[in-house]
Protein chains: 2
Amino acid sequence: MDAERQKRLEARARILKAVGNASRLLILEELAQGEKCVADLTKAVGSDISTVSKHLSLLKSVGLVRDEKRGNQVFYTLLAPCVLNFFDCVESVLEARVQHQIEMMG
Amino acid sequence: MDAERQKRLEARARILKAVGNASRLLILEELAQGEKCVADLTKAVGSDISTVSKHLSLLKSVGLVRDEKRGNQVFYTLLAPCVLNFFDCVESVLEARVQHQIEMMG
DNA sequence: CTCCTATTTGCAATATTGGCCAAATTCCCA
DNA sequence: TGGGAATTTGGCCAATATTGCAAATAGGAG
C-alpha cells in the first residue's frame, strides 16, 4: 500500500479508534447534551477522575472535543456532533447481526 | 453508569473499534469496490496473509462483512456500506484540526 | 500566603492488539 | 487416495492501551 494512502488511513484510524471505547462513547453521549465539567463526566462514567481526564485528553487530541477552563474547573464541549450519526449505522449493523443469528437458529 | 447502558455502549464500541485500524480501513475501502478474496486483500494491505485473515475474521465477527467460500478461495463482501459515511465526518474533524493548528501558529 | 477544590501528570500493573511463523484445515484436481 | 493451493488457527512476542493511585499543578477564597 502506498505511503500516502497509509498516512491518510492512519489519520482516520486515530479518530475512529478514539470513538471505539465504551467510556469514551459515554462521554460523547453526555457531551451531546451540552458542555460538562470533568467531575460531572466522572460521575457518569464511574471510573477514577484521572482515567476520565485521560479519555478527555485523547478525545481532545484527535479534535473531537474542546476544553475551556472557567474558574478551577474545565468544561468540555463536543466539536464534531456528526460522530453521533455513526451510531445509526452502528445500530443497523447490530440489528443485522441479531437478525442473522435468528436465521441461523431457525 | 447502569449495566444496560454499559452493555449497549460496549456493543457499539466493539464495532467502532473494528473500524479504528488502518489495515482494516484499507480492507473496507477495497471491499467498497466489490467482493475480494483474501489473497487480493493481502496484496493490498501488504502484511502476512494470516494477519489479513484475522482482520477479516474480526470484521466478520462484528457484522461488517460477510464471507462466502467458492472453490478453495473465500470472498468477502462489505455488509454495511454506511460505515463509509463515517469518513466524511472524520475528514471534517481532520480539517478542523488543521484549521485550529493554523490559528495557533498565527 | 495558605488552604481547598478541580484537574492533570507520572508511574506501574495489567490487558489488548497486531504482527509473523508454523501447523492445521479445506477444497480442488489428477 | 495424494498433492497442491488458499485460508484459518494457535502460539508467541513486541507495542500499545487502559486503569488506578499518588503526586503535581492551577485557581479561587479567606
Side-chain angles (χ1 to χ4, degrees), chain A residues 1 3 5-7 9-28 30-31 35-62 64-78, chain B residues 1 6-7 9-31 35-78:
Chain A
M1 119 168 85
R5 191 179 188 189
Q6 173 79 14
K7 252 193 191 160
L9 291 173
E10 272 167 11
R12 286 179 174 187
R14 220 169 302 126
I15 294 172
L16 290 165
K17 201 173 302 195
V19 185
N21 171 281
S23 300
R24 290 193 293 269
L25 283 181
L26 178 62
I27 289 174
L28 292 173
E30 293 292 315
L31 292 181
E35 64 165 28
K36 295 260 167 77
C37 70
V38 181
D40 286 348
L41 293 168
T42 299
K43 257 182 234 111
V45 173
S47 349
D48 193 88
I49 190 171
S50 71
T51 300
V52 173
S53 173
K54 277 164 196 166
H55 282 311
L56 286 165
S57 124
L58 175 61
L59 289 172
K60 181 183 160 193
S61 78
V62 300
L64 285 171
V65 305
R66 178 171 58 78
D67 64 342
E68 185 186 338
K69 187 154 208 164
R70 287 208 298 278
N72 58 355
Q73 25 190 9
V74 178
F75 290 87
Y76 281 85
T77 312
L78 185 57
Chain B
M1 119 169 83
Q6 174 79 14
K7 252 194 190 159
L9 291 174
E10 272 168 11
R12 287 181 173 186
R14 220 168 302 128
I15 295 173
L16 290 165
K17 199 174 303 192
V19 185
N21 171 278
S23 300
R24 289 192 295 268
L25 283 180
L26 178 61
I27 290 173
L28 293 173
E29 275 191 2
E30 294 292 315
L31 293 182
E35 65 167 26
K36 295 260 165 77
C37 71
V38 181
D40 286 348
L41 293 169
T42 299
K43 257 181 235 115
V45 172
S47 349
D48 192 88
I49 190 173
S50 69
T51 301
V52 172
S53 174
K54 276 170 191 163
H55 281 312
L56 287 165
S57 125
L58 176 62
L59 289 172
K60 182 183 160 194
S61 78
V62 301
L64 285 172
V65 305
R66 178 170 57 79
D67 65 341
E68 184 186 338
K69 188 154 207 163
R70 287 208 297 279
N72 58 356
Q73 7 187 351
V74 179
F75 290 88
Y76 280 85
T77 312
L78 185 56

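The shown structure was predicted, so the numbers you read here are calculated from the model rather than taken from an experiment. The sequence lines fix the lettering, A, B, ..., with proteins before strands; numbering per chain opens at 1.
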Using whole Å, what does the distance between atom [atom2] of nucleotide [N] and atom [atom1] of [X] come to?
| X | N | atom1 | atom2 | result |
| --- | --- | --- | --- | --- |
| B/Phe75 | D/dT8 | CZ | C1' | 16 Å |
| A/Glu35 | C/dT7 | CD | P | 12 Å |
| A/Glu10 | D/dT16 | CD | C1' | 14 Å |
| A/Gln73 | C/dT5 | CD | P | 13 Å |
| B/Arg14 | C/dA15 | CZ | P | 19 Å |
| A/Leu16 | C/dT17 | CG | C1' | 17 Å |
| A/Asp67 | C/dA6 | CG | P | 18 Å |
| B/Leu56 | D/dT7 | CG | P | 10 Å |

Practice item. Would you give the length of the straight line joining atom CG of A/Leu28 to atom CZ of B/Arg12, rounded to the nearest 0.5 angstrom? Key: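 Here the rounded value is 11.0 Å.
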Review point. How long is the span from the OG atom in B/Ser23 to the CD atom in A/Glu10, to the nearest 0.5 Å?
Key: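 Answer for the OG-CD pair, B/Ser23 versus A/Glu10, is 8.5 Å.
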Point to revise | Pair A/Arg5 + B/Glu29, salt bridge at N-O below 4.0 Å | key: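 Yes, this pair counts.
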Point to revise | Residue from B/Leu56, B/Leu59, B/Leu64 passing side-chain contact (heavy atoms from CB on, under 4.5 Å) with B/Tyr76 | key: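 Output: one option passes, namely B/Leu56.
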Identify each donor-acceptor pair in which a side-chain atom of residues 38-46 of chain A lies under 3.5 Å from a protein atom, sequence neighbours left out, and give them as a table.
| from | atom 1 | to | atom 2 | distance (Å) |
| --- | --- | --- | --- | --- |
| A/Thr42 | OG1 | A/Val38 | O | 2.7 |

Exercise for review: For each nucleotide in nucleotides 18-30 of chain C, reading 5' to 3', give B when a protein heavy atom comes within less than 4.0 Å of its base, S when such contact involves only the sugar-phosphate, and - otherwise.
Suggested key: SSBBB---SSS--
Review point. How would you label the contact of A/Tyr76 with the nucleic acid (heavy atoms, under 4.0 Å): base, sugar-phosphate, or nothing?
Key: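 A/Tyr76: backbone/sugar contact only, no base atoms under 4.0 Å.
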Check your understanding: Any donor-acceptor pair under 3.5 Å linking the side chain of A/Arg24 with the backbone of A/Val19?
Key ->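 Not a single qualifying donor-acceptor pair exists.
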